[in-house]
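To start, the structure itself, in structure tokens.
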Amino acid sequence: MSGGFPLERLRNIGIIAHIDAGKTTLTERLLYYTGKTYKIGAVDDGTAVMDWMEQEKKRGITITAAATTCEWQEHRINVIDTPGHVDFTAEVERSLRVLDGGVVVFDAVAGVEPQSETVWRQADRYRVPRICFVNKMDRIGADFNRCLRMIEVRLHSAPVPIQVPMGSEASFQGVIDLIMGRAIIFSDDPDKSPVEVDIPEEYKEKFSLYRERMIERIAENDDEVMMSYLGGGKVTPIELKEALRRATISGKLIPVLCGSALRNKGVLLLLDAIIDYLPSPLDIPPVKGVDYKRGVEVYREAKDDAPLTALAFKVVSDPFVGRLVYFRVYSGKVKAGAQIYNATKGQRERIGRLLQMHANRREEIAVARAGEIVAALGLKSTFTGDTLLGHAETILLEPIPFPEPVISVAIEPRTKQDQDRMGEAIKRLEEEDPTFILMYNEDTGQTIISGMGELHLEVLVERLLKEFGVQAKVGKPEVAYKETITASVKSEGRFIKQFGGKGQYGHVRIDLEPRERGSGFEFVSKLRGGTIPKEYIPAVEAGIREALTSGPVAGYPVIDLKARLYDGSFHEVDSSEVAFRAAGSIALKDGVMRANPVLLEPVVRLEVVTPDQFLSDIIGDLSSRRGRIEGIDSHGDTRTIHCFIPLAETFGYATHIRSLSQGRASHSMEFYRYEELSPQMAQGVIARAKGRY
């Protein structure tokens, strides 16, 4: 049981999509129709329940993933409305890590957009079963079939429409339910239920064609339906639903629905589909962890009577109740006031109060059971990605990976009081957002904050100034460059100090070699015999990692290399962890200097949608910004340009593209990868980094 509901009647789902596809609008309708709210919130008016932050209301976008709970058809649905803007992709990452299913929303006009691809890949990585909702069917240019083709081709998936629209744009009036064989007509009044009627004569041919295709698709992935289909027997709606549910949960098929969330059309049918096709905690594989004492993989099933295993996935500084930690209970149960064990930190913690969240409102509960997503007060040492256990357990769940920041800004507090206030504020923001990173530049005395994009930093700075009341001078955003090596080298680090009595002795030899772009840093120990005692190896790795924070070219972090510790020596009396940490750092710095280091710059994938008449001007502008055009798609009289462009060339691009296209072109971008900077461009970056202009 989970909060009075059997586990098979629980759904943990996320609403995910590209920005402006209508996620929050859809979520508001889900809450209204399930009786969670009594008035439909609107994003444009700033009244959306799920967009509760001041910055969200001001910009009309979702910035932080908001969780809520509602009930439908005797099922409980835990919903997380995630951001669509690429700068807040970490919110999507951590939400998908703990969810069982997803509703992917597409704009019927734009189809699959860049951030749609990003969230789809994230869902693939966590094997999250999903259904699709093609939204905005009433907009000019809406094209359901084009959306289906794009899902199939660009997302390499197997979409199966279980509805087809009756009309589109202004004539969109309802859908044909391919499983039940009925037409459903929508009303413009949100309080009037859709009307089920016989399929009109003009749609019968379309119905037969699409239903046949749907049954073929399901039969290909389900033996039971295949037997009925080949035997010439009639496949019943119940058989189709059960088979489609199995295929959806296994990730073989993706059911597709359509409607218009803003006009309240198709939302009730989507709620039914969430219950019918998305998994309960019992339908997904048991969560996998590692027993860190025995070094073996272990699994935990979603059962209340199993040992407690939970994962913290979000930390929020709530202005009313304090520090909230959101976590997913995978197995077991936990009561308010209970003592638990944070296996990641190796510390015991006490849960104060347990809360069921509804955006920024909350309801106190006594116990959290397997399968539930809740928030807790009182967990002072728990952070995003930490594993929470019962006392006798020794399991670590896989942590949540987050991308590296790509843009930085210098911020200087005006007074000593502001400096203290900023230190406290930044600490709280770092707890909330793992992609927000703080560095202190000792050469310039500046505090540098880094994030995932211009908007991300803008929101963070705004929160520092307004929410936390910090008075500070803020610099212009700058690209977060990186450094890497292009050759393999052997390197040696010696740290030998003598202070009269006991000295310090650490000596290591390492191999350095470049790795594939985006693969990060790897440390391996290949020591033989007892050349260096085992207890000093972690100190060597720590010293190497420390040295990676500042490279020899321009002081930027060093990435994408492998360090192999293969030899060294120690002193029986003078060796220490401090000495080996220093030796590792020396070896790394010396090796990187000799391994032909180069500068890397972040490159983004840019997509521009423009009327045909502005195409040549926009392409010319992109070329002047070092953009690489990958392809151009046509849809009616609009063109979609696919391009890779250095992040440094995109500052202020939103304003520039508006002036180039009389405000009619739109664009979206997402981080792609780091690429080597040309020697000519690198010289300018190095000069600026060293303060020479």
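Aromatic ring orientation, Tyr653 versus His667: perpendicular (interplanar angle above 60°, classes split at 30° and 60°).
Using a 4.5 Å heavy-atom cutoff, the side chains of Phe144 and Val256 are in contact. In this structure, Thr27 and Thr25 have side chains that are not in contact, with every pair of non-hydrogen atoms separated by 4.5 Å or more. Between Tyr326 and Ile80, every side-chain heavy-atom pair lies at or beyond the 4.5 Å cut-off. Taking the side chain as every heavy atom from C-beta outward, Met166 and Val175 never approach each other to under 4.5 Å. For the pair Ile15/Leu30, a side-chain contact is recorded, criterion being any heavy-atom separation below 4.5 Å from C-beta on. Between Glu216 and Val160, the closest side-chain pair of non-hydrogen atoms is not below 4.5 Å. The side-chain heavy atoms of Ile407 and Leu457, taken from C-beta on, include a pair separated by under 4.5 Å. The shortest distance between side-chain heavy atoms of Leu460 and Val409 does not fall below 4.5 Å.
Residues Gly22 and Asn135 come closest through the heavy atom pair CA-ND2, 3.7 Å. Summarising the geometry of Ile686 relative to Leu599, their closest heavy-atom pair is CG1-CD1, 3.9 Å, with the distance given to 0.1 Å. Pairing each heavy atom of Ile559 with each of Thr484, the nearest pair is O-OG1, 2.7 Å. Considering all non-hydrogen atoms of both residues, Arg211 and Leu178 come closest at NE-O, 2.8 Å. Nearest heavy-atom pair across Leu244 and Thr248 is O-OG1, 2.7 Å. Minimum interatomic distance between Ile448 and Ser408 (heavy atoms only, all atoms of both residues): CG2-CB, 3.6 Å.
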Query - Full working for side chain to side chain contact (heavy atoms under 4.5 Å, CB included) between Thr650 and Ile645 - result: CA-CA 8 Å; Thr650 65; Ile645 186 170; 3.7 Å; yes

Requested in this report: Tell me, with the steps shown, if Arg154 and Glu607 meet salt bridge (charged side-chain N to carboxylate O under 4.0 Å, His left out).
Outcome: CA-CA 14 Å; Arg154 288 183 62 171; Glu607 195 168 276; 3.1 Å; yes

Requested in this report: For the pair Leu269 and Phe186, evaluate side chain to side chain contact (heavy atoms under 4.5 Å, CB included) and give the outcome as yes or no after the intermediate values.
Outcome: CA-CA 11 Å; Leu269 300 176; Phe186 300 129; 4.1 Å; yes

Requested in this report: Would you sort out whether Phe644 and Tyr672 count as a ring-ring contact (aromatic ring centres under 6.0 Å, His included), showing the intermediate values?
Outcome: CA-CA 8 Å; Phe644 293 107; Tyr672 173 54; 4.4 Å; yes

Requested in this report: Tell me, with the steps shown, if Ser116 and Phe106 meet side chain to side chain contact (heavy atoms under 4.5 Å, CB included).
Outcome: CA-CA 8 Å; Ser116 312; Phe106 295 97; 3.9 Å; yes

Query - Derivation and outcome, side chain to side chain contact (heavy atoms under 4.5 Å, CB included), residues Ile629 and Ile641 - result: CA-CA 7 Å; Ile629 310 293; Ile641 305 165; 3.9 Å; yes

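The backbone N or O of Phe172 lies less than 3.5 Å from no partner atom in the side chain of Asp138, so there is not a single donor-acceptor pair. The backbone N or O of Leu262 sits less than 3.5 Å from a side-chain atom of Arg29, completing a donor-acceptor pair. Between the Lys562 side chain and the Gly520 main chain, no donor and acceptor come within less than 3.5 Å of each other. Of the possible polar contacts, one joining the Arg146 side chain to the Val109 backbone as a donor-acceptor pair under 3.5 Å is found. With hydrogens and angles ignored, the 3.5 Å screen pairs no side-chain donor or acceptor of Thr638 with any backbone N or O of Pro611. A donor-acceptor distance shorter than 3.5 angstrom exists from the side chain of Ser171 to the backbone of Ser168, with no hydrogens or angles considered. Between the Arg626 side chain and the Glu649 main chain, no donor and acceptor come within less than 3.5 Å of each other. Under a 3.5 Å cut-off, the side chain of Glu483 and the backbone N or O of Tyr556 do form a donor-acceptor pair. Arg245 contributes a side-chain N or O that, together with a main-chain N or O of Leu278, makes up a donor-acceptor pair within less than 3.5 Å. Counting only distance, with no hydrogens or angles, the side chain of Ser623 and the backbone of Asp621 share no donor-acceptor pair below 3.5 Å.
The salt bridge (Lys or Arg N to Asp or Glu O under 4.0 Å) check on Asp272 picks up nothing, with sequence neighbours excluded. By the side chain to side chain donor-acceptor pair (under 3.5 Å) test, Arg628 is found to be paired with Glu675, residues two or more places apart in sequence or in another chain being considered.
The residue from Val553, Leu600, Val598, Val685 that alone fulfils the side-chain contact (heavy atoms from CB on, under 4.5 Å) condition with Leu677 is Val685. Screening Met150, Arg639, His642 against Asp633 for a side-chain contact (heavy atoms from CB on, under 4.5 Å) leaves a single residue, His642.
The distance from the CD1 atom of Ile373 to the OG1 atom of Thr68 is 11.5 Å, given to the nearest 0.5 Å. Rounded to the nearest 0.5 Å, atoms CD1 (Ile426) and CD (Glu431) are 13.0 Å apart. The CD1 atom of Ile77 lies 10.5 Å from the CG atom of Asn12; values are rounded to the nearest 0.5 Å. Taken from CD in Gln662 to OG1 in Thr610, the straight-line distance is 10.0 Å, to the nearest 0.5 Å. To the nearest 0.5 Å, atoms SG (Cys132) and CD1 (Ile254) are separated by 6.0 Å. Atom CG of Asp617 and atom OG of Ser659 lie 10.0 Å apart (nearest 0.5 Å).
Remark: Asp560 does not engage Arg515 in a salt bridge, criterion side-chain N to carboxylate O under 4.0 Å. Using a 4.0 Å cut-off between charged nitrogen and carboxylate oxygen, Arg217 and Glu152 count as a salt-bridge pair. With respect to the salt-bridge test (charged N to carboxylate O, under 4.0 angstrom), the residues Lys136 and Glu169 do not qualify.
Counting non-hydrogen atoms of neighbouring residues, nucleotides and ligands closer than 6.0 angstrom, the CD atom of Gln173 exceeds 12 such neighbours. The number of heavy atoms from other shown groups lying within 6.0 Å of CZ (Arg127) does not exceed 12.
Annotation: cation-pi pair Arg130/Trp120 present, NZ/CZ under 6.0 Å from the ring centroid and within 45° of its normal. Taking the ring axis of Tyr210 as reference, the NZ or CZ atom of Arg213 stays within 45° of it and closer than 6.0 Å to the ring centre.
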